[in-house]
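What follows is a single structure, written as structure tokens, with notes after it.
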Protein chains: 2
Amino acid sequence: MKFGTRIKELRTQKGLTLDQLAQETGSAKSYIWELENKNPPRPSAEKLAAIASALGVTVDYLIGSDEQTLEKAEDTAFYREYSSLPEDTRRQIREMAKILGTKKPK
Amino acid sequence: MKFGTRIKELRTQKGLTLDQLAQETGSAKSYIWELENKNPPRPSAEKLAAIASALGVTVDYLIGSDEQTLEKAEDTAFYREYSSLPEDTRRQIREMAKILGTKKPK
DNA sequence: CATTTATGTTCGGAGTAGCGACATTTTGAA
DNA sequence: TTCAAAATGTCGCTACTCCGAACATAAATG
């Protein structure tokens, strides 16, 4: 699967417009469109990193060099972001997770 | 730390020459050299993926969006528990984290 | 309907990624 | 030492990334 398709799927799935995603990633919306629709694009790692971050996945997942499922990629990206947060915020999240986790334990 | 340095470290650590790494990654050795020494490089994701693969790391690690090692036991434990939760609960947590994370971005 | 507003698509051009060919330095065997 | 091979640097050129802004089309709004 081409990563252009992947980007488009993730973007629409999150209800984002080209413009919004472009804003968040510091790109031109025209360029995002070209990535999604034109072949074959060869974007810089910088751009891809910004896009991956905005979409909440890893670069490796986006370009398909990773056999990870989307679910796993999202979890990995989440953990990375979580790790960069200040301790008190992390603690809030952990506590909340604990509550959610025991509410309906499977 | 710049990823040029990271590449150089990994390459020499593996005892590879510029030429060898260039071979394995389908790049020109001159380009590998420029990546390692010139600033600021902005390589394509394609190239980086090939290099990361040859060096046995992820793209995300190479470009430094994966700077953190899993140091804190508490965090690691949290991630372990998080991973065991059902997807919809994980999604709730991720969304919550995103909000908390953007409230006061580090 | 006509008009506005949101979203998607096309296009020209500036600047640079990435290469090949050449230049310099380092290695190390005789 | 010597000097050829191997490794590291240098440079100019072409093709492509990425942008701004115009254009097209869909969706609201009244």
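Residue numbers start from 1 in every chain, and the chains themselves are labelled A, B, ... in the order their sequence lines are given, proteins ahead of strands. These figures come from a predicted structure and were not determined experimentally.
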Could you write nucleotides 14-26 of chain D as a row of B, S and -, 5' to 3', where a protein heavy atom under 4.0 Å of any base atom gives B, of only sugar-phosphate atoms gives S, and otherwise -?
--SSBBBB-----
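The two residues A:R11 and A:L18 come nearest to each other via the heavy atoms NH1-N, 3.4 Å. The two residues A:A73 and A:T58 have their closest heavy-atom pair at O-CG2, 4.0 Å. Closest of all the heavy-atom pairs between B:I93 and A:F78 is CG2-CZ, 3.9 Å.
Distance B:L18 CG to D:dG9 P: 7 Å, rounded to the nearest Å. When the C1' atom of C:dA17 is taken as reference, atom CZ of B:F3 falls 12 Å away, rounded to whole Å. One atom, CD of B:E36, and another, P of C:dG18, lie 15 Å apart when rounded to the nearest Å. Straight-line distance from the NZ atom of B:K38 to the C1' atom of C:dT16: 11 Å, rounded to whole Å. Put simply, CD on B:Q20 is 7 Å from P on D:dA7, counting in whole angstrom units.
In this structure, B:W33 reaches the D:dG9 phosphate: one of its side-chain N or O atoms is under 4.0 Å from OP1 or OP2. Dashed line: the shortest gap from a side-chain N or O of A:R11 to OP1 or OP2 of C:dG8 is under 4.0 Å.
Remark: the backbone N or O of B:G26 is paired with a side-chain donor or acceptor of B:K47 at under 3.5 angstrom. The main-chain N or O of A:L21 is found under 3.5 Å from a side-chain atom of A:T25 such that the two form a donor-acceptor pair. A donor-acceptor pair under 3.5 Å is formed between the side chain of B:D60 and the backbone N or O of A:D60.
Counting only residues at least two apart or on different chains, no side chain to side chain donor-acceptor pair (under 3.5 Å) pair has a member in residues 12-24 of chain B.
Over its length, the helix from C:dC1-D:dG30 to C:dA30-D:dT1 turns its helix axis by 30°, as judged from the five terminal pairs at each end, rounded to 10°.
Of the N and O atoms on the side chains of A:Y79 and B:R94, not one donor lies less than 3.5 Å from an acceptor on the other residue.
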